[in-house]
Amino acid sequence: MLDPKIIREDPELVRQSLVNRGFDLTYFERFLEIDNRWRALIDEGNRLKAQRNKCAQEIPKLGEEEKRKLIGEMRTLSERVQQIESEEVSIEKERDEILQNIPNIPHVSVPVGSSDADDVIVRYSSEVRKFDFKPLSHWELGERLDIIDFERGTKIAMSGFYVLKGLGARLERALINFMLDLHLKQGYKEIFPTVLINEKSCFGTGQLPKMKEDMYHIEADNLFLNPTAEVPVTNLHSDEILSIDQLPILYDAYLPSFRREAGKHIETKGIGRVHQFNKVELVKFVVPETSMDHLESLLKNAEEVVQLLGLPYRIKLLCTGDLGFHSAKTYDIEAHAPGMDQWLEVSSCSNFLDFQARRAMIKFRRAPHLKSEFVHTLNGSGIALPRTMISVMENYQTRDGLIEIPAILRNYMGGIERIE
RNA sequence: GCUGAGGUAGCCAAGUCCGGACUACGGCGCCAGCCUUGAGAGCUGGUGGUGCUCGUCACCACGGGAGUUCGAAUCUCCCCCUCAGCGCCA
């Protein structure tokens with residue numbers, strides 16, 4: 001959520017940011033209109049309430065006659081207060097809705113563009129791997145080696161789910177442990193949050209109300225299956241005022257994530273887009289003026305994962321038209337999948353500035369006597385498992401259809417060197 | 001799941017039966033000032049949010065919501081959470 005003061009005080013900045021993102025201006029113009037009315041109403045309401053409060057204190061001190069008269073007057077006044085309040089409530093509801101539909105302002109360093117075609121490739125790691133045979137896709141490899149079972153995933157759950165078996169399951173576990181150990185060395189504190197999260201947390205990070213259709217919902221208890229550890233981990237500090245010496249806070253978390261992908265046809269074969277996947281997530285809470293530097297180090301921390309795995313990758317700086325709603329600046333890390341001949345997004349590292357913190361009410365104080373301010377939050381995948389698995393399987397395949405285990409993972413797999 | 005006790009400011013906690021000087025008692029912590037060579041003690045003030053006319057301003061905030069009332073921390077209804085005991089259970 002944007003600071004309403006920014007929209008009020010510098011509407012031109014917000015207007016330009018919406019144009020750059022390719023958003024239409026309806027909500028924005030409506031905000032300006034409604035915000036004025038909202039403030040006028042608050043003002044009038046407060047005036048009347050002040051009078052009511054004052055008279056309510058006078059009444060017990062008065063004689064019978066005067067008392068009866070004043071109570072009569074107050075009854076009328078109270079009715080007006082109620083009218084104003086109910087109008088306030090409805091305007092406030094609309095105002096909040098509008099605010100929730102205005103995206104974050106892209107940082108000045110974000111390139112202006114209309115779609116992912118305008119994203120800027122910041123760097124390539126190396127050449128993609130060249131094969132002297134036709135590389136197989138991970139689903140072909142997975143089925144041949146009996147380490148990915150799509151049919152049985154569908155049987156026990158539904159289509160879009162899969163089961164890892166044998167060394168496939170073990171490779172997944174090795175990847176998770178490797179990532180967690182790496183992030184520990186990078187200075188992150190490991191968190192293992194809840195898989196089920198409540199409605200309030202989903203609002204806090206902005207999954208609700210916009211992405212409701214994309215989440216699995218447990219009706220009996222009104223809980224949601226975690227769509228990304230960003231939600232529970234960021235909300236660890238919701239409604240808190242942190243002290244400055246706690247910052248920066250760096251968390252990493254391994255957690256299964258669930259997405260209904262409603263409305264999206266899961267056409268891609270394989271495990272590139274599935275309903276349940278593992279992910280290691282990095283989350284930071286930082287002092288505002290340091291957040292852009294923290295974005296760079298966050299990216300480096302995630303990048304190190306693909307580097308150490310020896311995967312060909314590239315870094316993209318998303319343009320205004322491709323930037324996520326809540327983000328002010330985002331880098332994507334894409335690993336190459338030679339079997340599919342595609343670049344796969346394995347990580348998305350974003351700086352949200354105070355956009356999330358304002359919603360989740362995460363504040364800090366520079367000194368005990370100073371006013372609290374919103375922290376800046378950042379997060380990035382460190383990294384998403386299925387697509388990493390794809391890139392590992394397809395890059396490390398051999399001519400005879402086996403998969404070499406990347407050197408860095410062998411210790412995590414009891415010294416096993418290949419899947420055969 | 002059942003029964004009971006609770007939820008008041010950063011923390012502890014009075015007030016709730018019986019609505020009105022609650023401007024939410026008191027304490028702890030923290031901040032500022034005074035005092036002091038310094039520290040401590042002591043004293044004074046401050047210690048959540050929003051709005052604007054930026055003030056010794058106004059409004060809001062006693063788990064959340066709705067209601068009754070001129071007036072609600074206090075009364076009524078609904079919901080949430082915590083703790084204890086019992087039950088069930090990996």
Side-chain angles (χ1 to χ4, degrees), chain A residues 1-10 31-100 192-204 208-209 217-224 232 235-247 249 256 285 354 357-375:
Chain A
M1 194 165 82
L2 274 188
D3 184 352
K5 277 192 196 125
I6 290 189
I7 312 179
R8 212 179 279 151
E9 285 162 18
D10 196 353
F31 176 86
L32 295 180
E33 211 178 294
I34 212 176
D35 183 54
N36 272 328
R37 267 181 66 207
W38 177 75
R39 283 186 298 164
L41 267 180
I42 293 280
D43 198 54
E44 194 188 345
N46 283 354
R47 237 186 275 274
L48 291 173
K49 281 182 207 164
Q51 198 187 339
R52 184 181 67 181
N53 289 345
K54 204 170 149 202
C55 291
Q57 278 181 13
E58 292 300 318
I59 282 175
K61 298 176 196 160
L62 298 175
E64 275 310 308
E65 190 69 14
E66 288 169 299
K67 195 184 271 186
R68 201 172 310 118
K69 196 174 148 226
L70 193 55
I71 285 179
E73 282 172 28
M74 285 303 105
R75 192 170 289 150
T76 323
L77 189 135
S78 252
E79 271 166 27
R80 273 189 66 204
V81 169
Q82 265 183 3
Q83 276 169 20
I84 287 172
E85 271 185 338
S86 75
E87 199 181 340
E88 253 175 54
V89 166
S90 79
I91 288 202
E92 208 164 281
K93 203 177 147 211
E94 190 183 349
R95 182 176 177 267
D96 285 352
E97 230 175 270
I98 290 169
L99 273 175
Q100 282 165 20
F192 187 67
T194 62
V195 174
L196 290 174
I197 44 183
N198 63 28
E199 206 171 12
K200 190 177 176 225
S201 297
C202 296
F203 272 102
L208 285 178
H217 183 219
I218 313 286
E219 218 166 300
D221 293 300
N222 195 23
L223 291 169
F224 296 83
N235 278 290
L236 287 178
H237 294 296
S238 62
D239 292 317
E240 287 185 17
I241 299 178
L242 304 163
S243 76
I244 187 143
D245 41 275
Q246 285 176 271
L247 299 175
I249 294 174
F285 304 81
D354 62 356
R358 173 164 284 107
R359 230 164 155 188
M361 288 293 287
I362 309 170
K363 300 183 151 191
F364 79 105
R365 241 190 268 278
R366 290 180 193 271
H369 59 287
L370 292 177
K371 207 171 151 66
S372 60
E373 302 169 49
F374 291 106
V375 300

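A quick note: this is a predicted structure, and the numbers were derived from the prediction, not measured. Per chain, numbering begins at 1; letters A, B, ... match sequence-line order.
- In terms of the side-chain hydrogen bond (donor to acceptor under 3.5 Å, both in side chains) criterion, Glu58(A) has no residue partners (sequence neighbours excluded).
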Reading nucleotides 49-55 of chain B from 5' to 3' and marking B where a protein heavy atom lies under 4.0 Å of the base, S where only the sugar-phosphate is that close, and - otherwise, the string is SSSSB--
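- With both pairing distances under 3.5 Å, A9(B) is matched to nothing as a Watson-Crick or G-U wobble pair.
- Below 30°, between 30° and 60°, or above 60°: for Phe224(A) and His217(A) the angle between ring planes is below 30°, a parallel geometry.
- Pair check for A14(B) finds none; no Watson-Crick or G-U wobble contact set falls under 3.5 Å.
- The gap from the C1' atom of C86(B) to that of U74(B) amounts to 33 Å, rounded to the nearest Å.
- Across all strands shown, G1(B) forms a Watson-Crick or G-U wobble pair with C86(B), both key distances being under 3.5 Å.
- Taken to the nearest 0.5 Å, the CG atom of Asp96(A) stands 12.0 Å off from the CD1 atom of Ile91(A).
- A salt bridge links Arg39(A) with Asp35(A); the closest basic N to acidic carboxylate O contact falls under 4.0 Å.
- When side chains are defined from C-beta on, Ser372(A) counts as touching Arg365(A), because their heavy atoms get closer than 4.5 Å.
- Residue Gln57(A) is the one, among Gln57(A) and Asn53(A), whose nearest nucleotide of RNA chain B lies closer to the 5' end (criterion: closest heavy atom).
- When the P atom of C60(B) is taken as reference, atom CD of Glu88(A) falls 10 Å away, rounded to whole Å.
- C17(B) sits 14 Å from G6(B) when the P atoms are compared, rounded to a whole Å.
- The closest donor-acceptor contact from the side chain of Asp354(A) to the backbone of Phe374(A) lies at 3.5 Å or more, if one exists at all.
- Counting only distance, with no hydrogens or angles, the side chain of Gln57(A) and the backbone of Lys54(A) share no donor-acceptor pair below 3.5 Å.
- Nucleotide C77(B) forms a Watson-Crick or G-U wobble pair with G65(B), both donor-acceptor distances falling under 3.5 Å.
- The CD1 atom of Ile34(A) lies 10.5 Å from the CD atom of Glu92(A); values are rounded to the nearest 0.5 Å.
- Between A14(B) and U8(B), the two P atoms lie 11 Å apart (nearest whole Å).
- Counting only heavy atoms from C-beta outward, the side chains of Val81(A) and Leu77(A) approach each other to under 4.5 Å.
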B/S/- along nucleotides 63-75 of chain B (protein heavy atoms under 4.0 Å) is -------BS----
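- Spacing between C80(B) and C28(B) at atom P, rounded to whole Å, works out to 39 Å.
- Both distances falling under 3.5 Å, in either a Watson-Crick or a G-U wobble arrangement, place C70(B) opposite G20(B).
- The C1' atoms of G1(B) and G65(B) are separated by 26 Å, rounded to the nearest whole Å.
- Panel note: side chain Ser78(A), backbone Arg75(A); no donor-acceptor pair is recorded below 3.5 Å.
- Glu92(A) places its CD atom 14 Å from the P atom of C60(B), with the value rounded to the nearest Å.
- With both ends at atom P, the span from C34(B) to U82(B) equals 48 Å, rounded to whole Å.
- Between the C1' atom of G10(B) and the CG atom of Leu242(A) lies a distance of 13 Å, rounded to the nearest Å.
- Nucleotides G33(B) and G40(B) are separated by 13 Å at their P atoms, to the nearest Å.
- Nucleotides C2(B) and A61(B) have their P atoms positioned 33 Å apart, rounded to a whole Å.
- Remark: C35(B) base-pairs with no nucleotide in the shown strands. Criterion, Watson-Crick or G-U wobble with two distances under 3.5 Å.
- One atom, CD1 of Ile244(A), and another, P of C30(B), lie 19 Å apart when rounded to the nearest Å.
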